[in-house]
Every structure is written in structure tokens, then in C-alpha cells.
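Right, one structure below, let's go through it.
Along the sequence shown, the residues carry numbers beginning at 1.
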Amino acid sequence: MAEPRELILKLGQKIIGVKVTENDPEYWGLASVVTDEMAEVALAMKVRVPATAAEVAKKCKKSVERTEELLEKMSVIGVIEYNWENE
């Protein structure tokens, strides 16, 4: 079995609010659809708090363009909610 991905463990813990191990279904669910780069972006966000791509990009130290790409991919797979009504 591969080594557990630390960023995915941290993201799982952030999402559900309790410690997540590599044996938990939350870990395997995230690990199957989220890249480590996506996890970096998600970890720079607050849970259920709206943020612009520019704000997230600044926190995760990525370009706004790359951050927007990753946010769009994460919204398509259902990791984040994209609010189309507000800018």
C-alpha cells in the first residue's frame, strides 16, 4: 500500500472536523479525486466561508489563473461549492 498523502489527511480532517486516517472512507474518497495541488488550495480556504479566487490565490501562493483552474476542477468534482450568483 502506498504511503498516505499528508495533504489529503489534513483536508479530510478540515472538512469533517475530526482526525482522519488513511483507513477512513473520507481519506479514500478524497484521495481518489483530489490532487495534492488541489488540496493545497482547499487547505488555504475556510470551511463554508465565501472567498474570491484572488483571496485564495494569495493564501496558497499560486497565481490567480492557476487557482481559478483548480477551483473550477474542484467544483466540478464536488469538493467545493461555487456560487455563480455572486462574483
Side-chain angles (χ1 to χ4, degrees):
M1 185 162 30
E3 289 292 316
R5 294 166 48 201
E6 282 300 315
L7 291 173
I8 302 301
L9 289 169
K10 288 179 183 179
L11 181 57
Q13 182 172 334
K14 183 174 188 170
I15 291 171
I16 65 169
V18 297
K19 184 174 171 127
V20 173
T21 70
E22 66 272 9
N23 298 317
D24 292 327
E26 293 83 4
Y27 172 81
W28 289 106
L30 286 171
S32 66
V33 295
V34 175
T35 66
D36 286 351
E37 189 177 25
M38 288 177 182
E40 288 174 355
V41 172
L43 287 167
M45 301 170 71
K46 293 182 179 178
V47 178
R48 311 254 340 135
V49 175
T52 65
E55 292 169 339
V56 176
K58 185 176 180 182
K59 288 181 183 177
C60 68
K61 298 177 176 61
K62 295 188 183 303
S63 71
V64 173
E65 295 79 20
R66 182 63 182 151
T67 302
E68 286 176 340
E69 289 174 22
L70 293 167
L71 289 171
E72 184 174 338
K73 288 178 183 179
M74 289 190 293
S75 70
V76 168
I77 61 175
V79 175
I80 64 168
E81 179 182 358
Y82 199 103
N83 189 339
W84 296 99
E85 289 82 33
N86 297 317
E87 293 184 21

* Same cluster (ILVMFWY, side-chain, under 4.5 Å), Ile15 and Val76 -> no
Looking at [X] and [Y], what are the two nearest heavy atoms and their distance?
| X | Y | answer |
| --- | --- | --- |
| Val20 | Leu9 | O-CD2, 3.4 Å |
| Trp28 | Asn23 | NE1-CA, 4.1 Å |
| Glu55 | Pro50 | OE1-O, 4.5 Å |
| Ala54 | Val64 | CA-CG2, 4.1 Å |
| Val56 | Ala51 | CG2-CB, 3.9 Å |

Report the distance from atom [atom1] of [X] to atom [atom2] of [Y], rounding to the nearest 0.5 Å.
| X | Y | atom1 | atom2 | value |
| --- | --- | --- | --- | --- |
| Leu11 | Ile16 | CG | CD1 | 10.5 Å |
| Asp24 | Thr21 | CG | OG1 | 3.5 Å |
| Leu7 | Glu37 | CG | CD | 11.0 Å |
| Ile80 | Glu72 | CD1 | CD | 9.5 Å |

* To do: For the residue pair Leu70 and Thr67, establish whether any side-chain heavy-atom pair is separated by less than 4.5 Å.
  =>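 No, every pair of side-chain atoms sits at 4.5 Å or beyond.
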* Asked: Taking atom NZ of Lys14 as the centre, does the number of heavy atoms from other residues, nucleotides or ligands within less than 6.0 Å exceed 12?
  ->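 Yes, the 6.0 Å shell around NZ holds more than 12 heavy atoms from other groups.
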* To do: Report the residues that fulfil side chain to side chain donor-acceptor pair (under 3.5 Å) with Glu69, sequence neighbours left out, ordered by chain and then residue number.
  =>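 Arg66.
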Side chains of residues 40-49: which donor-acceptor partners sit under 3.5 Å, not counting sequence neighbours?
residue, atom, partner, partner atom, Å
Glu40, OE1, Lys62, NZ, 2.8

* Listed by chain and number, what are the side chain to side chain contact (heavy atoms under 4.5 Å, CB included) partners of Val79, not counting sequence neighbours? -> Val34, Met74, Ile77
